Amino acid sequence: MEVGFLGLGIMGKAMAVNLLRNGFKVTVWNRTLSRCEELVEQGASIGSTPAEIVKKCNYTIAILADPPAALSVVFGKDGVLEQMCTGKGYIDMSTVDTITSTKINEAITEKEGRFLEAPVSGSKKPAEDGQLIILAAGDKSLYDEIMPSFDVMGKKSFFLGEVGNGAKMKLVVNMIMGSMMNAFSEGLVLADKSGLSQTTLLDVLELGAIANPMFKLKGPAMIQEKFPAAFPLKHQQKDMRLALALGDEVEVSMPVAAAANEAFKKAKSLGLSDQDFSAVYQVVKEPSA
């Protein structure tokens with residue numbers, strides 16, 4: 001199976017590598033073309049523009065940083081739309097809002113192409129291990145056809161119906177995750193300031209009803225104030241912002257998520273944007289910074 005792949009950031013690179021390792025023919029593109037070189041060494045071809053990728057491949061996958069990037073790749077000069085035509089499939093795995101997904105879907109289908117939104121739940125390590133959770137919505141025939149690639153990149157795929165439902169589900173998941181990370185950070189700091197061992201707190205949490213992989217994975221590094229980026233904090237804050245906008249749209253009050261969003265915004269102002277989202281711990285530990 002041959003696929004095009006647009007976007008080689010932390011997630012995209014790992015996902016494209018998994019496709020190559022499992023026998024897919026992959027043509028890659030990234031705004032910074034030098035990022036494509038490592039994948040060429042593993043057998044990928046390079047496309048000079050998104051349009052060139054779409055022209056060459058019947059299926060094109062994209063995973064981009066935010067709504068403006070997702071829109072630019074589709075609508076911009078040498079973009080996806082320039083070569084979109086009957087039967088070709090475009091799978092956008094970026095985390096965006098429903099308005100962005102709907103706009104891309106309408107443009108693709110106007111060209112008689114097929115569109116699937118498929119944002120993923122998971123960060124760098126699950127992407128590397130092919131253990132992502134894929135939240136797809138849109139064209140069911142395209143979903144069925146692209147499933148072999150989803151099976152390589154993820155451990156479970158969900159088809160959620162009409163375009164927009166994938167985006168909504170991903171925002172709900174990431175809103176919960178960001179709120180949890182703030183509460184977890186507060187707990188770690190509270191234990192430390194109260195004279196308790198943070199390591200013991202992690203042990204207690206792991207044995208109780210609120211045990212979860214995120215606490216187990218992130219906790220030890222947070223205690224050491226090390227935040228290697230698996231999911232950059234700037235992207236978590238973007239997702240909190242989009243989730244809160246969704247809440248406004250459907251009239252759901254989300255004061256916990258709103259407070260968490262403010263903490264992530266504060267962390268960005270402290271220069272932590274490119275650190276892991278767990279770096280919000282620093283805001284709780286040093287609130288006057």
Side-chain angles (χ1 to χ4, degrees), residues 1-7 11-12 15-16 18-19 24 26-27 29 50-51 53-76 79-122 127 132-175 238-239 242-243 245-246 249-250:
M1 189 175 189
E2 183 171 9
V3 298
F5 206 101
L6 311 178
M11 300 294 289
M15 294 158 71
N18 272 332
L19 291 173
F24 286 76
V26 183
T27 302
W29 172 88
I53 298 266
V54 173
K55 182 178 181 180
K56 179 181 179 182
C57 304
N58 286 330
Y59 306 102
T60 300
I61 296 169
I63 182 160
L64 303 155
D66 52 27
L71 291 168
S72 174
V73 161
V74 173
F75 293 96
V80 167
L81 284 184
E82 291 189 12
Q83 292 295 331
M84 182 55 60
C85 59
T86 303
K88 287 188 178 288
Y90 186 64
I91 303 97
D92 192 347
M93 305 185 80
S94 315
T95 298
V96 298
D97 56 285
T98 57
I99 293 173
T100 299
S101 271
T102 300
K103 186 173 182 179
I104 293 172
N105 175 57
E106 290 172 350
I108 296 293
T109 53
E110 269 187 26
K111 293 276 191 173
E112 299 187 351
R114 296 177 295 162
F115 177 71
L116 193 70
E117 62 173 357
V120 298
S121 181
L132 296 168
I133 301 166
I134 297 169
L135 308 171
D139 191 295
K140 184 58 163 61
S141 67
L142 179 55
Y143 174 79
D144 293 336
E145 290 170 26
I146 205 67
M147 185 57 72
S149 71
F150 284 177
D151 286 342
V152 165
M153 295 185 288
K155 63 180 177 180
K156 177 71 175 179
S157 298
F158 293 87
F159 183 75
L160 302 173
E162 65 183 23
V163 169
N165 287 346
K168 291 174 186 175
M169 183 68 81
K170 177 61 189 296
L171 293 178
V172 170
V173 169
N174 276 19
M175 179 274 292
K238 175 261 297 182
D239 293 348
L242 295 177
L246 178 61
E249 180 183 333
V250 298

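Since the model is a prediction, treat every value here as computed from it, not as a measurement. Side chains included, hydrogens not; waters and symmetry mates left out as well; all remaining heavy atoms used.
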Met93 and Ile134, any side-chain heavy atoms less than 4.5 Å apart: yes
Heavy-atom pair with the smallest gap, counting every atom of Lys88 and Lys55: NZ-O, 3.4 Å
Thr98 OG1 to Lys168 NZ distance, which is reported to the nearest 0.5 Å: 6.0 Å
Thr27 backbone acceptor or donor facing Lys56 side chain under 3.5 Å: no
Donor-acceptor list for residues 155-167 side chains, cut-off 3.5 Å, not counting sequence neighbours:
residue: Asn165; atom: ND2; partner: Leu160; partner atom: O; Å: 2.9

Verdict with reasoning, Leu71 to Val96, per side-chain contact (heavy atoms from CB on, under 4.5 Å): CA-CA 10 Å; Leu71 291 168; Val96 298; over 6 Å; no
Value rounded to 0.5 Å, distance of CG in Leu142 from CE in Met147: 10.5 Å
Spacing of CD1 belonging to Ile146 relative to CG belonging to Asn58, to within rounding of 0.5 Å: 10.0 Å
Straight-line distance of Asp151 CG to Asn18 CG, nearest 0.5 Å: 12.5 Å
For Pro67 against Leu242, the heavy-atom pair lying closest together: CG-CD1, 4.2 Å
Test salt bridge (charged side-chain N to carboxylate O under 4.0 Å, His left out) applied to Glu82 - qualifying residues, sequence neighbours left out: none
Other residues, nucleotides, ligands: >12 heavy atoms within 6.0 Å of Leu246 CG: yes
Set of salt bridge (charged side-chain N to carboxylate O under 4.0 Å, His left out) partners for Lys140, sequence neighbours left out: Asp144
Residue pair Trp29 / Leu6, side-chain heavy-atom distance below 4.5 Å: yes
Separation between OG1 of Thr60 and CD of Glu2, rounded to the nearest 0.5 Å: 9.5 Å
Heavy-atom check, side chain of Arg114 versus side chain of Tyr59, under 4.5 Å: yes
Residues Leu81, Glu110; criterion side-chain contact (heavy atoms from CB on, under 4.5 Å); working and verdict: CA-CA 10 Å; Leu81 284 184; Glu110 269 187 26; over 6 Å; no
Pairwise side-chain contact, Asp92 with Ile61, heavy-atom cut-off 4.5 Å (strictly under): no
Pairwise side-chain contact, Phe150 with Leu116, heavy-atom cut-off 4.5 Å (strictly under): yes
Under 3.5 Å side-chain donor-acceptor pair for Asp97 and Thr100: yes
Minimum heavy-atom distance Phe5-Ile63, with the two atoms named: CE2-CG2, 3.7 Å
Heavy-atom closest contact (Met84 atom, Gly113 atom, distance): SD-CA, 3.8 Å
Under 3.5 Å: donor-acceptor pair, side chain of Ser72, backbone of Pro68: no
Cation-pi, Tyr90 ring and Lys111 (6.0 angstrom, 45 degrees): no
Heavy-atom pair with the smallest gap, counting every atom of Leu19 and Val26: CB-CG2, 3.8 Å
Lys170 versus Val120, closest heavy-atom pair with distance: NZ-O, 2.7 Å
Ile91 vs Tyr143 side-chain heavy atoms within contact, under 4.5 Å: no
